[in-house]
Amino acid sequence: MFNQSRRNLARWFTLSMGSILVVFAGVIYYQKAADELEELDRLLYTKTRVMAAGVESEVRQGQWQVNLENVPLLGSNPPLPTTEIVYARWYSPKRKLMQFFGTTPPERLTVADEFQTIKTTNEPIGTMPSEVWLRQVTLPVEQAGSVIGYLQVAMPMTPVQESLREFLLSLTLLVPVALGMIGLTGWVLGGLAMQPIRDSYNQLQRFTSNASHELRTPLAAVLSNAQVGLLVPLDPQQQRNHLEQIVEAAKSMSTLVSNLLLLARHSGRLAPESLKEVDLTSLLKEQADFYSSQAAEKQLSLKSDLPEQPVKLEAEPDLLRQAVENLLSNAYKYTPAGGSVQLRLFTQSRQAVIQVSDSGIGIPQADLPHIFERFYRVDTKQSRQAGGFGLGLAIAKQLVEAHGGQISVTSVVGQGSTFQIELHTRKVTEEGY
Ligand code: ADP
């Protein structure tokens, strides 16, 4: 499934980037052709102007008399030191052919544009093939404001064609190489893009299998107790025991399902409209009061160190209460009789800090990085006896993060643990006590 998606991603990436590349190469080729042609036109124009400068004329009997003697190629003077010119023609102002060099031209001048590209099918000229592309310019030559004739000159386009052919060859070699590299990049990027999806898919699978595993034990208890109750006639006391075990198993399942729902509902940041102004001092005081009665039952001492002043922030009070409750109940679970639990609240640089410390069994260093993972339990006698699902800390972390806060832990085995919640607050009324 993942490889298929990765292949699709790479294919679409290559296709889209490849199309852009081909269009880009086309534009570059077109630009190169235009530049080369412009260069050739400039050269042709310069040569033609040099030739036109050799035209001499005078008015005789009201008519322009043109003397082409000094015009290179057309006159008897030595030709231009170049063989690039294929033909040169001189037409009268009435567009009639007067003189030419090179291939035999039409008798009359018919062209309208200054520059023209012409495909010749004439006799082979020198070493050139019989079919060549020529660039031709036709310039009106003026003297004293009136046109005394037209000079038409042509050059072969072979250098332009050769340069473009070479350029096209490089493009045809480079484009497939670039396409290959794009494909490879697409494959690598596809892999990178798939990684978080693969991770969350694996996490979801682990989560589902853990949840099913946790549900299996209470379900089996319900089933076996119900089956015994149905099969064998029991006395009322035994019947009651079985029913009580069914109730216990159902309670355990109900807790697990509520925890799972809590995790499913509150992933990501809470919507601002669900937040209200909460006084953290009074919220924690209520919890401290509730837990101090339980502390006595377990022969534990609970110390609370809360500020006098209210510490206000934007929060969802029930969820925040749940997060602190999970930490407090763990502290109680994992602290043997005679130990102590401390609940503190203070502010530091715009953060409200809640600390739950205990003098309990502590958490081994190796387990600390995993402690907030779902269904993670430290393999100790106490945690087996406590019978939790390993979801309490994962829920606390998710709820704290839903408020934009952070949770952390420090612990020393045999000495105790300290869990710390930091919540960002713009509304702390008193700072630095
Ligand atoms: P559980 O429901 O199993 O307590 P938690 O997610 O709350 O699940 O805790 C995960 C594990 O972390 C527990 O199994 C326990 O071993 C360890 N733990 C949590 N809090 C404490 C603590 N205050 N002292 C020692 N160990 C703790």
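Whatever order the structure lists them in is the order used to number ligands and atoms, beginning at 1. Here, residue 1 is the first one in the sequence, and each next residue gets the next number.
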| said: Just to check, does N326 reach to within less than 4.0 Å of ligand 1 when the distance is taken from its heavy atoms? | reply: no
| With only distance considered, is I361 within less than 3.5 Å of ligand 1 through an N or O on each side? | no
| query | Do R42 and E39 sit within salt-bridge range, that is, some charged N less than 4.0 Å from a carboxylate O? | reply | yes
| task | Give yes if a backbone or side-chain nitrogen or oxygen of D358 is under 3.5 Å from a nitrogen or oxygen of ligand 1, and no if not. | result | yes
| task | Under 4.0 Å from a heavy atom of I371: give me the atoms of ligand 1 that qualify, with their elements. | result | 12 (O), 17 (C)
| field | Which of the ligand 1 atoms, numbered from 1, are nearer than 4.0 Å to a heavy atom of L391 | value | 6 (O), 8 (O)
| request: Provide the full list of salt bridge (Lys or Arg N to Asp or Glu O under 4.0 Å) pairs with a residue in residues 245-260, sequence neighbours left out, each pair given once. | output: E248-K251
| said: Whether the side chain of S258 engages the backbone of S254 through a donor-acceptor N/O pair (distance < 3.5 Å, no angle test) should be reported. | reply: yes
| F419: numbered ligand 1 atoms lying under 4.0 Å from its heavy atoms | 20 (N), 23 (N)
| message | Within the 4.0 Å heavy-atom shell around R377, which atoms of ligand 1 are there? | response | 3 (O), 14 (O)
| query | Counting distance only, does the side-chain N/O of S411 pair as donor-acceptor with the main-chain N or O of G416 below 3.5 Å? | reply | yes
| task | Would you list the pairs meeting side-chain hydrogen bond (donor to acceptor under 3.5 Å, both in side chains) in which at least one residue belongs to residues 181-195, sequence neighbours left out? | result | Q195-D199
| said: Any nitrogen or oxygen of L393 lying under 3.5 Å from a nitrogen or oxygen in ligand 1? Just yes or no. | reply: yes
| note | Numbered in order shown, the ligand 1 atoms found under 4.0 Å of a heavy atom of Y376 are 10 (C), 11 (C)
| field | Atoms in ligand 1 with a heavy atom of K333 nearer than 4.0 Å | value | 1 (P), 2 (O), 4 (O)
| task | Please state whether S417 comes within less than 4.0 angstrom of ligand 1, counting heavy atoms only. | result | yes
| Hey, are R165 and E36 close enough for a salt bridge, meaning a charged N less than 4.0 Å from a carboxylate O? | no
| note | Nearest heavy atom to atom 8 (O) of ligand 1, choosing from S411, G390, G388, belongs to G390
| query | Between K32 and D35, is the closest basic N to carboxylate O distance under 4.0 Å? | reply | no
| query | Heavy atoms, side chains only, cut-off 4.5 Å: are L320 and L313 in contact? | reply | yes
